[in-house]
Amino acid sequence: MDAIDTHDRGSQDVEEIVRRICGVLGVDPDNPPKQPLPFMDLKGQLARIRPQVDAAIARVLDHGQFIMGPEVYELERQLCAFTGAKHCISCSNGTDALALGLMALGVNPGDAVLVPSFSFAATAEVVPWLGAVPIFCDVLKDTFNLDPKSLEAGVATAKRLGLRAVGVIPVDLFGLPADYDSLLPVAEAHDLWVMCDAAQSFGAIYKGRKVGTLARISTTSFFPAKPLGCYGDGGAIFTDDDDLARVMRSLRVHGQGADKYDNVRIGMNARLDTMQAAVVLEKLMIFRQELVERNDLAIAYGRALMGYAHIPKVPEGLTTVWAQYTICHDDRDAIARNLLKHGIPSAVYYVKPLHYQEAYRRYPTATRKLPTSEYLSSAALSLSMYL
Ligand SMILES: *Cc1c(COP(=O)(O)O)cnc(C)c1O
């Protein structure tokens with residue numbers, strides 16, 4: 001494990017960081033706004049496309065096909081075109097997307113699935129749904145993403161515990177694709193499938209290829225706060241595999257076979273509402289422009305904070321959609337408090353690594369300690385993406 005460099009230069013440092021963040025967001029530090037700024041500006045985004053969203057929702061009310069209406073199929077078509085993936089299966093949310101993937105991959109009780117500890121709970125949560133065991137791996141400090149060495153250690157841990165390691169779920173945390181060129185060979189060497197949790201990274205690019213095409217299955221979420229969000233719950237799955245796509249389409253509707261009342265497998269009700277598909281279609285129209293604006297804000301943060309805090313790095317050949325702009329600093333809590341005094345919100349993702357959560361403490365970890373996940377939970381601070 002590389003030594004973790006810290007950036008602790010005391011309270012002066014904290015004040016300078018806060019002044020610099022104020023500068024980026026156009027807040028006068030001596031004259032903070034009466035109302036705190038929003039952490040993200042979903043209202044402003046809606047204002048931009050309100051007439052189009054109203055019209056799209058009205059169209060759904062008029063045709064009345066609330067379940068699997070034409071907008072659902074149109075969205076799947078457009079998301080395939082956007083990503084270059086052969087199949088897109090829209091679904092109820094990003095968590096169900098992961099579950100549908102695991103079901104289609106045939107995960108069985110007693111199997112082990114490797115997941116990063118530094119992620120949102122949903123990544124691990126779906127694994128015990130199928131009676132399988134999540135094994136928590138560590139992440140890399142510079143990218144927040146799964147560490148291939150820890151993945152290797154996790155496979156060894158599974159063996160030692162007498163579990164069959166069947167797959168790995170890398171997460172593209174905060175919008176940046178994981179290091180697939182390093183992870184895929186490890187997975188291949190141990191005969192693991194790879195399903196990427198791209199809930200935060202839809203729209204990002206890895207060495208010329210779009211998220212959605214980087215693993216056997218990729219899943220995403222349209223939760224309102226994600227870079228491409230709807231106005232409720234929603235999600236989607238991407239794959240180039242015809243058989244997996246067919247099975248997941250069936251699983252999404254109670255394991256349906258030839259028709260609605262033919263059930264050929266145990267499935268779930270995991271469809272995307274037509275209304276939400278209509279919303280995502282409108283959001284997609286301004287998505288590319290929004291990504292440019294998010295990136296401009298990230299560049300401004302980077303310029304302002306370089307040398308003052310550990311700023312996120314985007315590896316050569318990759319893009320991120322900046323689901324979060326996350327810095328690391330030993331005085332994270334002091335920065336957050338001080339920012340709030342200036343009317344600037346921030347957020348901590350994630351306060352606790354998953355292997356410390358009450359629900360997940362009983363499951364194995366790849367190595368006795370996961371030091372980077374622990375460190376990041378104490379030092380990471382996500383800054384306002386108020387564009
Ligand atoms: C948001 C998120 C999910 C779950 O998506 P929902 O649509 O809220 O179910 C899964 N994994 C990660 C990493 C997420 O950020």
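We count ligands from 1, going down the list as the structure has it; atoms in each ligand are counted the same way.
- Near Q200, the atoms of ligand 1 lying under 4.0 angstrom from a non-hydrogen atom of the residue are 13 (C), 14 (C), 15 (O).
- Of the protein's heavy atoms, K226 NZ, 3.0 Å lies nearest to atom 14 (C) of ligand 1.
- Note on ligand 1: D233 sits outside its first shell, no heavy atom being nearer than 4.0 Å.
- For ligand 1, the atoms sitting less than 4.0 Å from at least one non-hydrogen atom of S221 are 5 (O), 6 (P), 7 (O), numbered in the order shown with element in parentheses.
- In the vicinity of V171, heavy-atom distances shorter than 4.0 Å reach the ligand 1 atoms 13 (C).
- Inspection of the E71 and T274 side chains reveals no N or O donor paired with an N or O acceptor under 3.5 Å.
- When the options A225, P224, G94, P116 are ranked by their closest heavy atom to atom 6 (P) of ligand 1, first place goes to G94.
- The pair D243-R246 meets the salt-bridge criterion, since a charged nitrogen lies less than 4.0 angstrom from a carboxylate oxygen.
- Residues I237 and L214 share a single hydrophobic cluster, defined by chaining ILVMFWY side chains whose heavy atoms lie under 4.5 Å apart.
- Under 4.0 Å from ligand 1, heavy atoms of N93 appear from its side chain as well as its backbone.
- A salt bridge links R19 and E16; the closest N-O separation between the charged side-chain nitrogens and carboxylate oxygens is under 4.0 Å.
- Between D197 and ligand 1, at least one pair of N/O atoms sits closer than 3.5 Å.
- Formation of a donor-acceptor pair under 3.5 Å by the K283 side chain with backbone atoms of G229 is found in this model.
- The nearest heavy-atom contact from the protein to atom 4 (C) of ligand 1 is T95 OG1, 3.5 Å.
- By the 30° and 60° cut-offs, the orientation of the rings of F174 relative to Y350 is parallel.
- Within the 4.0 Å heavy-atom cutoff, G235 does not count among the residues contacting ligand 1.
- Although no hydrogens or angles enter the test, the distance criterion places a donor-acceptor pair under 3.5 Å between the side chain of D138 and the main chain of T372.
- What you find for T326 and S382 is that their closest heavy atoms are OG1-OG, 2.9 Å.
- Here S119 has side-chain heavy atoms under 4.0 Å from ligand 1, and that is the only part of it that gets that close.
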